[in-house]
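I have placed the structure first, in the form of structure tokens, so that the comments after it can refer back to it.
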Amino acid sequence: MTLAPGPGLSLSHFQAFLLFAAVISIAFGYLGRRRTNDRLRYILWSFFLFLAVGIGLAWVMYPFSR
Amino acid sequence: MTEDVTQRQSVDTVQEPTLDVRPAPARTPGEPALQREFRSWIYAFAGWLIPGLGHALQKMWGRAFVICTAVGTLVYVGASMRGNVFTSSGGDAFDTLGYIADMGTGCFYLFARLLERAGADVSHSQGDYGTRFLATAGVLNILAALHAYEAARGRKA
């Protein structure tokens, strides 16, 4: 993560993807579950699914990028 | 009414204490339905205007903090990546939808406008990611405001 010249934060695609997944997973976990253990489990599961679906879709689209 | 109070007591005994205290004001015994409905809308509006406030007013401190931090982070990152902060003067339906999504962040919309003094730059992927972050922040905050509304009505906790 670097601060690009001028007013701009520079994140790679994967860094942005990880940040997005983490923030949304934590928010969903807190909104959707009440007990701490349930929240933690939900956050981890949601984060894992974000990664799995994102990377899976990337591989599915890979042949079309050529 | 008696049945309602009994049900509420049984729910209270089952629930374990956590960081989020249950929405006590929303479950005031004997409160007229119309008054509860009105207060629920107030919480939803407050939650939209200042992310997390709808939950904070119901003493759900953990949720309030997480919502405020999550929406704030997404807005800050989105605007810092020079994402497009849509205005009401958009020319097409996509601009209007983007504006509605961005307005979902409530007062953080103004924060994004202040951060993005150099204007949007969607000619690079960074700006495109930023646009998505900003829209997601708005939709997430609307979801949280609806959650605050439901919690105030006693449907969720």
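Please read all numbers here as calculations on a predicted model, not as lab measurements. Chain identifiers are assigned alphabetically (A, B, ...) following the order of the sequence lines, protein sequences preceding nucleic acid strands; residue numbering begins at 1 within each chain.
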Original post:
Is A/Leu18 linked to A/Ile26 within one hydrophobic cluster, defined over Ile, Leu, Val, Met, Phe, Trp and Tyr using a side-chain heavy-atom separation of less than 4.5 Å?
Top reply: no
Subject >> Partners meeting side chain to side chain contact (heavy atoms under 4.5 Å, CB included) with A/Phe17 (sequence neighbours left out) >> reply: A/Phe14, A/Leu51, A/Ile55
**OP:** Please name all residues satisfying side-chain hydrogen bond (donor to acceptor under 3.5 Å, both in side chains) with B/Ser40, sequence neighbours left out, ordered by chain then number.
**Re:** none
Original post:
Do B/Ile50 and B/Leu140 share a hydrophobic cluster, counting only Ile, Leu, Val, Met, Phe, Trp and Tyr and linking them when any side-chain heavy atoms are less than 4.5 Å apart?
Top reply: yes
Original post:
Which pair of heavy atoms, one from B/Arg63 and one from A/Arg33, lies closest together, and at what distance?
Top reply: NH2-O, 3.1 Å
Subject >> Contacting moiety of B/Ser125, where chain A heavy atoms sit under 4.5 Å >> reply: neither
**OP:** Before giving the answer on side chain to side chain contact (heavy atoms under 4.5 Å, CB included), spell out for A/Phe20 and B/Val77 the whole-Å C-alpha distance, their side-chain angles and the decisive distance to 0.1 Å.
**Re:** CA-CA 10 Å; A/Phe20 182 91; B/Val77 172; over 6 Å; no
Original post:
What are the two closest heavy atoms between B/Ala144 and A/Leu31, and how far apart are they?
Top reply: CA-CD1, 4.1 Å
Original post:
In terms of hydrophobic clusters joined by side-chain contacts under 4.5 Å, are B/Met103 and B/Leu143 together?
Top reply: yes
Original post:
Could you name the residues of residues 126-136 of chain B that have a heavy atom within less than 4.5 Å of a heavy atom in chain A?
Top reply: B/Gln126, B/Tyr129, B/Phe133, B/Thr136
Subject >> In one Ile/Leu/Val/Met/Phe/Trp/Tyr side-chain cluster, 4.5 Å: B/Tyr109, B/Tyr76 >> reply: yes
**OP:** Return the minimal non-hydrogen interatomic distance between A/Ala27 and B/Val66, and the atom names on each side.
**Re:** CA-CG1, 3.9 Å
Original post:
Side-chain heavy atoms under 4.5 angstrom apart, residues restricted to Ile, Leu, Val, Met, Phe, Trp, Tyr: same cluster for A/Val23 and B/Ile67?
Top reply: yes
Original post:
Sequence neighbours excluded, which residues qualify as salt bridge (Lys or Arg N to Asp or Glu O under 4.0 Å) partners of A/Asp38?
Top reply: A/Arg41
